[in-house]
**Q** 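Quick one: this structure, given as structure tokens, is what I'll be asking you about.
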Amino acid sequence: NIYQRKEEGKQHFFKLVELDEDTIDPALWGKNFPRQYDGYKKTTELYQPKVGGSEVIDRLEADPNLKKLFAGYAFSIDFRKARGHAYMLEDQENTERVKQKKQPGACLHCHASVMPTYRQQGDGDEMKGFLKVCGMDWQEAHTLVNHPISCIDCHEPKTAGLRVSRPAFKKSIVQLAEAKEAVPFLPSIEKWRQGDRSKPYDVNALATRQEMRTFVCAQCHVEYYFAPKTKELIYPWAKGLNVDRIEEYYDEIKFTDWTHSESGANLLKAQHPEFEMWSQGIHARSGVSCADCHMPYQREGAVKISDHHVRSPLRNLSRACQTCHRSDEVEIQERVRIIQDRTKSLLKKGETAVVDLIASIQRTKKRNGAEERIKKAQEFQRKAQFRIDYIISENSLGFHAPQESARILGDAIDYARQGQMILRKEDEEEAED
Amino acid sequence: NIYQRKEEGKQHFFKLVELDEDTIDPALWGKNFPRQYDGYKKTTELYQPKVGGSEVIDRLEADPNLKKLFAGYAFSIDFRKARGHAYMLEDQENTERVKQKKQPGACLHCHASVMPTYRQQGDGDEMKGFLKVCGMDWQEAHTLVNHPISCIDCHEPKTAGLRVSRPAFKKSIVQLAEAKEAVPFLPSIEKWRQGDRSKPYDVNALATRQEMRTFVCAQCHVEYYFAPKTKELIYPWAKGLNVDRIEEYYDEIKFTDWTHSESGANLLKAQHPEFEMWSQGIHARSGVSCADCHMPYQREGAVKISDHHVRSPLRNLSRACQTCHRSDEVEIQERVRIIQDRTKSLLKKGETAVVDLIASIQRTKKRNGAEERIKKAQEFQRKAQFRIDYIISENSLGFHAPQESARILGDAIDYARQGQMILRKEDEEEAED
Amino acid sequence: MVPAETTKQEGKRRLRWGMYLPTALCFSLAGVVLGLGSYTFWYAEGGSYFSTDPRACMNCHIMREHFDTWQKASHHAHAKCIDCHLPHDFVGKYLAKAENGYFHSKGFTLQDFPEPIRIKPKNARILHLNCVSCHRELVGDLLHHGAFKDESDSCVRCHISVGHGSPR
Ligand SMILES: [Ca+2]
Ligand SMILES: [Ca+2]
């Protein structure tokens, strides 16, 4: 490149500390990069409205439908709103889902700075260590880690360039690359697909920088499941990132997270599919990354840095949105509100429909002879439940892909109501079973 | 060639013909404004894929559900895709809805250049003439007009500035101004609301130029009804422009367009609510007008003119979209397709649900004693039908407001399925009626 | 502003460019000739095209809007057309001028360019590098850590309005 010379910037930072792959302690990184460290530390800030005196928003309390929807599963015991990155390990330790239920070591993949542990457990082979730790009991695995997310999880220690570290992501993105569904929002994968495919897609080598600004987040902010026996953590992308493809994938491998304690249906649990939802939205198609909105640039003295106080962009609208959108803050806020209100209104209807369906199944179960129809109704519950849960657990309340979120909820409503219908008969109809 | 190019630096405009409020003939306007006239004439172009050898797309043939949904109403006899403006009068003359059914003179308000007729019939008072013509038989009124839309319908003849001419619009926008629902996308109305309101909102005096670039279209591309006795043409905006507000309005005045011939439900007909749907979208909030996309600027030599070949922007993507959106044409096309595909998929489910509901009601009607429940089911049909029809008859297939369109369809599905449910009983339930 | 740093590496590149200079000049010439001849080019005031004066660009009415919007935009006081649109280094500047001169003359004469006029990918990269060159002080650290290392990102992605106001 003839103009490459200009790419070389002026250097303002000083290498005071030698960092390597085992340097988890962010304070050490902070010696070299004090501004980023300052931002990172702010993820301890609590900014949610306090509910009932506690600092935690109890989602089960905020929406009474949830207990019913998740009946029989750990999420009906304890389910809270996410807090800042600083709390990720502590919040996992404290959730009743871990305290009251048996969980695998796989949980730690996204809640701790875990790479050195993987290497250690795998005798230098991080994939091997990853698999080993996944299969441990949570309690055992937990003794092997001691820090929430740190710089090393997103940065390569020599240059501080971005890279992904997480084994589950590295493996699953290979599956995605090999899937058929188009991914125009991930140009490096589209490009790899055009090639000879002799080697699997290698994310750290091939991803564009702008993709990396999303991929580092997609290491964790994704839908996942644990392989039934090994408890290996897997992201269900082998058919694509659309919710319908993910469901197909689960159906094909006959996967089930739990059996609903009231209806007996075999259900799927959706968890924070932010990456998947983002991928269906107009921002992804326009090349806007997670970091653009959640870690916008910020001027600090003579230099610009990425704001490492990862948080809701609504708390930082001017930097997060206004370079691209010229409206004033109130207007931008209002646009987000409208999108989220529409999502909420459909979500409420979806939840009501599934709750109704659960009650119908429960009532119908009391009599004999309806087994076939109950089975069908349970299948509808599975489809509807996964979709409303997809929106419940996606943390932007529809913002990351407004129309797609509404489409998913429309489908959910239709499935739930059809499930109910199967359990009812028109007055004129003969009993079929 | 390059000499000419240099010449075109200056714009020439010669007033060759004196125009006044009675100059309907666009050819006369064309003497002064030949470029705009050239564009206008192109609205004769037929560009839809030809179906069955005909130049007209038969929507009833394309979607067999429609006959069922509109059973008992004129729209089940003949319903086509819109064509260019040049055809508006001819297409109304030829529709079986006019040939086989009695229609009022009100129909002509949006299909002919009708203002001189109104003044003539009202002895100089256009409001009076408007009301008189509305109440006539279509056949009688039709003899009073002879030209589809012309320049005079959107332009003031002295300056060629934009203005709205249509009485129904002028009256209805006053109602909208007095409504409670916020209309941030119409700043001149918000401003009027802040004022002392001593005089009703006067659209030609108060609207901004950018609003006028939408209002001239909103004279016709709107949902409407005829007042039951007088057949006065009215736009149902007294509570706001959102579909839920419009439904409330109709329910409050107990309005019904027709009674479904199979289910007996009293239903509403939605017609081309482009303006209303646009108002709920992000483009409206961003101040983007109908003319920006449907009449984009086009350079003719050194002069920029508005493309008077009003048509689908998909046939003119670069001018219609690329001034604001930096993506290439294929990508823009793809974005529209994705939005429209999502809408289509939900619409199909909505139609199926309403068709199912109609069948349920029909079956249930055969027995006695279910009157109360049938009545409730019919109410659900009304709600669901209006919403799916709102999307069917809105001609952008969701593009003008993607998430809102999906929300409306989600609601429609929920209502239709609830209607069905009322007619069914769970096996365990006692018959209630 | 930060004075251009002359590093060893930079010197090396200059040298390397010295080797290509003849080729570049050829291209440059070919560009002008292909651009429907020097007559066209001069008639359309191709001469003033090489000037730093923004009014030179205005010689074509087609550039009028860009001139007008530039006058209202934030950089009116800081940068002229060529500061943003032509490479700041000597060789690149003339190569780009020749190539762009070709497209400009061709476009203007044949009126066959697509509208709205859209910046070509190569020129978008030149533009980006010009932002960097004036703002190196501010964004230097970002570049050091690999930011903007490929063409998936550019300053203009967020700051498109600095030259001609916001398109939306
Ligand atoms: Ca899951
Ligand atoms: Ca109507």
Side-chain angles (χ1 to χ4, degrees), chain A residues 182 184 244 280 282 285-287 325-327 331 334-335 338-339 341-343 345-347 349-350 352-353 356 359-361 363-367 369-370 373 398 401-429 431 433, chain B residues 182 184 244 280 282 285-287 325-327 330-331 334-335 338-339 341-343 345-347 349-350 352-353 356 359-361 363-367 369-370 373 398 401-418 420-429 431 433:
Chain A
D244 298 335
Q280 306 299 302
I282 196 80
R285 280 199 89 97
S286 308
H325 299 288
R326 317 300 293 174
S327 330
E331 171 61 15
E334 200 49 18
R335 290 181 187 186
I338 291 173
I339 290 169
D341 277 357
R342 289 199 189 109
T343 312
S345 120
L346 278 180
L347 180 57
K349 294 184 189 211
T352 307
D356 286 358
S360 290
I361 298 180
R363 282 193 302 266
T364 314
K365 273 179 134 180
K366 291 193 193 119
R367 61 187 283 283
R373 286 156 65 211
Q403 193 201 15
E404 173 68 358
S405 297
R407 186 191 71 83
I408 293 172
L409 289 170
D411 280 4
I413 292 171
D414 201 24
Y415 287 130
R417 296 296 185 198
Q418 285 189 55
Q420 275 184 280
M421 218 97 67
I422 281 184
L423 302 178
R424 295 177 173 220
K425 290 181 197 147
E426 283 180 19
D427 299 2
E428 292 301 292
E429 280 178 326
D433 39 37
Chain B
D244 298 335
Q280 307 298 303
I282 196 81
R285 278 199 91 95
S286 309
H325 297 288
R326 323 294 295 169
S327 331
V330 178
E331 171 61 16
E334 199 51 16
R335 290 182 186 186
I338 291 173
I339 290 170
D341 278 357
R342 289 200 190 110
T343 312
S345 117
L346 277 181
L347 181 58
K349 295 186 186 207
T352 307
D356 286 356
S360 290
I361 298 179
R363 283 193 302 267
T364 314
K365 271 177 135 179
K366 290 192 194 121
R367 61 186 285 281
R373 285 157 64 209
Q403 194 200 15
E404 173 69 357
S405 297
R407 186 192 70 85
I408 293 172
L409 289 169
D411 280 3
I413 293 170
D414 201 23
Y415 287 130
R417 296 294 185 199
Q418 285 189 53
Q420 275 184 280
M421 217 96 67
I422 281 184
L423 302 178
R424 293 176 174 221
K425 290 183 198 145
E426 283 180 20
D427 298 3
E428 292 300 292
E429 280 178 325
D433 39 38

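Everything quoted here is computed from the prediction, not taken from an experiment. In what follows, chains carry the letters A, B, and so on, assigned in the order in which the sequence lines appear, proteins first and then strands, with residues in each chain numbered from 1.
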**Q** Given that the side chain runs from C-beta out, which part of B:Thr352 has a heavy atom under 4.5 Å from chain A: side chain, backbone, both or neither?
**A**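 Neither; nothing under 4.5 Å.
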**Q** Can you find a pair of side-chain heavy atoms, one from B:Ile413 and one from A:Arg417, that are under 4.5 Å apart?
**A**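 Not in contact.
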**Q** In terms of heavy-atom pairs under 4.5 Å with chain A, which of B:Gln418, B:Gln280, B:Arg326, B:Glu404 leads?
**A**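 Looking at each option in turn, the highest pair count goes to B:Glu404.
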**Q** So what's closer than 4.5 Å to chain B heavy atoms on A:Leu346: side chain, backbone, both or neither?
**A**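 Answer is side chain: those atoms of A:Leu346 sit under 4.5 Å from chain B.
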**Q** Heavy-atom pairs under 4.5 Å with chain A - which of B:Leu409, B:Thr343, B:Ile339 has more of them than the others?
**A**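 With the most close heavy-atom pairs to chain A, the winner is B:Ile339.
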**Q** Is A:Ser405 close to chain B through its backbone or its side chain, or both, or neither, when contacts mean heavy atoms under 4.5 Å?
**A**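 The answer is neither part of A:Ser405.
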**Q** To the nearest 0.5 Å, how far apart are CD in B:Gln403 and CD in A:Gln403?
**A**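 If I round to the nearest 0.5 Å, the distance is 8.5 Å.
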**Q** Determine the option with the most heavy-atom pairs under 4.5 angstrom with chain B, choosing from A:Ala416, A:Ala401, A:Gly410, A:Pro402.
**A**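 Max contact count across the listed options: A:Pro402.
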**Q** Considering residues at least two apart in sequence or located in another chain, which fulfil the salt bridge (charged side-chain N to carboxylate O under 4.0 Å, His left out) criterion with B:Glu334?
**A**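 Only B:Arg337 meet the salt bridge (charged side-chain N to carboxylate O under 4.0 Å, His left out) criterion with B:Glu334.
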**Q** Could you measure the distance from the CZ atom of B:Arg424 to the CE atom of A:Met421? Nearest 0.5 Å is fine.
**A**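 Between B:Arg424 CZ and A:Met421 CE, I get 5.5 Å after rounding to 0.5 Å.
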**Q** Identify the heavy atoms of B:Arg285 and A:Arg335 that sit nearest to each other, and give their distance.
**A**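 Looking at all heavy atoms of both residues, the shortest contact is O-NH2, 3.2 Å.
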**Q** Heavy-atom pairs under 4.5 Å with chain A - which of B:Ser286, B:Ala353, B:Gly350 has more of them than the others?
**A**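 Highest number of pairs under 4.5 Å: B:Ser286.
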